[in-house]
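Only one structure is covered here, and it is reproduced in the block below.
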Amino acid sequence: MKTAMLTLLFVVSIVYADETAPDSGDDVDPVTCQDELDSIEAEIAEIIEQTGSHPIGAIKPQCLKDGTYTPRQCLGSVCNCVAADGSKLTDDFGIGEAVNTDCSCAREKQEYKLSGKIGKSFKCTDIGSYAPVQCTGSVCYCSDIKGQQLGQETVNIGFIDTLKC
């Protein structure tokens, strides 16, 4: 039991290593989601070989085919929207709320910011989805959860409260 608990702590520390490790300033290749997943799976295999049982609570990140993190990551019952490198983009939210978001607004907002472009605004909910009202410049409209305009109605930003979305 002691080995299983130590293993759980070790695996969790790997999952959150990118959030707590100090920046050494060295030019080291960043760890991808796939690198992290491979490391965790190797550690799990080693524990199984040593103990003959699968560690309880082994938590693995969800990765995209390109090796980056999926926009929504959950640890137990707590979820976050994350950037491609795994850094948090939102505060914690419950797994019950997670079914209502794909974190597209939070991820696209962060990617747009990193691109250096200016002029586009993103109105995201607390769980990383697009808010029901979006604006481009001074023109506002109702949008779906992907940020796409619904219908033809637009209003000047000064009249945003008149939209019934």
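These values consider heavy atoms only, across backbone and side chains, with no hydrogens, waters or symmetry-generated copies.
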- Task: List for me each residue that meets salt bridge (Lys or Arg N to Asp or Glu O under 4.0 Å) alongside Glu41, sequence neighbours excluded, and say none if there are none.
- Result: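 Only Lys60 meet the salt bridge (Lys or Arg N to Asp or Glu O under 4.0 Å) criterion with Glu41.
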
- Joint hydrophobic cluster, Ile95 plus Val99, side-chain heavy atoms closer than 4.5 Å: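 No, separate clusters.
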
What are the two closest non-hydrogen atoms of [X] and [Y], and how far apart are they?
X      : Y      : answer
Ile127 : Thr101 : O-OG1, 2.8 Å
Lys164 : Asp161 : NZ-O, 4.1 Å
Cys165 : Val133 : SG-CG2, 3.6 Å
Ser87  : Asp85  : OG-OD1, 2.7 Å

State, with a plain yes or no, whether a side-chain heavy atom of [X] is found less than 4.5 Å away from one of [Y].
X      : Y      : value
Glu153 : Tyr141 : no
Phe93  : Cys81  : yes
Asn80  : Asp92  : yes
Ile145 : Cys105 : no
Ile160 : Cys135 : yes
Pro61  : Ile40  : yes
Cys79  : Glu97  : no

Out of curiosity, [X] [atom1] to [Y] [atom2], how far, rounded to the nearest 0.5 Å?
X      : Y      : atom1 : atom2 : value
Thr32  : Asp38  : OG1   : CG    : 7.5 Å
Thr154 : Gln134 : OG1   : CD    : 14.0 Å
Cys103 : Gln73  : SG    : CD    : 9.0 Å
Ile47  : Glu49  : CD1   : CD    : 11.5 Å

- By side chain to side chain donor-acceptor pair (under 3.5 Å) - contacts of Asp66 (at least two apart):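 Scan of Asp66 (side chain to side chain donor-acceptor pair (under 3.5 Å), adjacent residues dropped) gives Thr68.
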
- Answer yes or no: does atom CG of Leu114 have more than 12 heavy-atom neighbours from other residues, nucleotides or ligands under 6.0 Å?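 For Leu114, atom CG is crowded (more than 12 foreign heavy atoms under 6.0 Å).
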
- For Asp126, look at atom CG and say whether over 12 heavy atoms of other residues, nucleotides or ligands are found less than 6.0 Å away.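 For Asp126, atom CG is not crowded (no more than 12 foreign heavy atoms under 6.0 Å).
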
- Could you tell me whether a side-chain N or O of Thr90 sits under 3.5 Å from a main-chain N or O of Gly128, the two making a donor and an acceptor?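 No, because the side chain of Thr90 does not come within donor-acceptor range (under 3.5 Å) of the backbone of Gly128.
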
- Are any side-chain N or O atoms of Thr136 and backbone N or O atoms of Lys120, one a donor and one an acceptor, separated by less than 3.5 Å?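 Pair absent, no side-chain N/O of Thr136 close to backbone of Lys120.
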
- Item | Sequence neighbours excluded - side-chain hydrogen bond (donor to acceptor under 3.5 Å, both in side chains) pairs with any residue from residues 104-115 |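 Residue pairs with at least one partner in residues 104-115: Asp102-Ser104, Glu108-Tyr130.
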
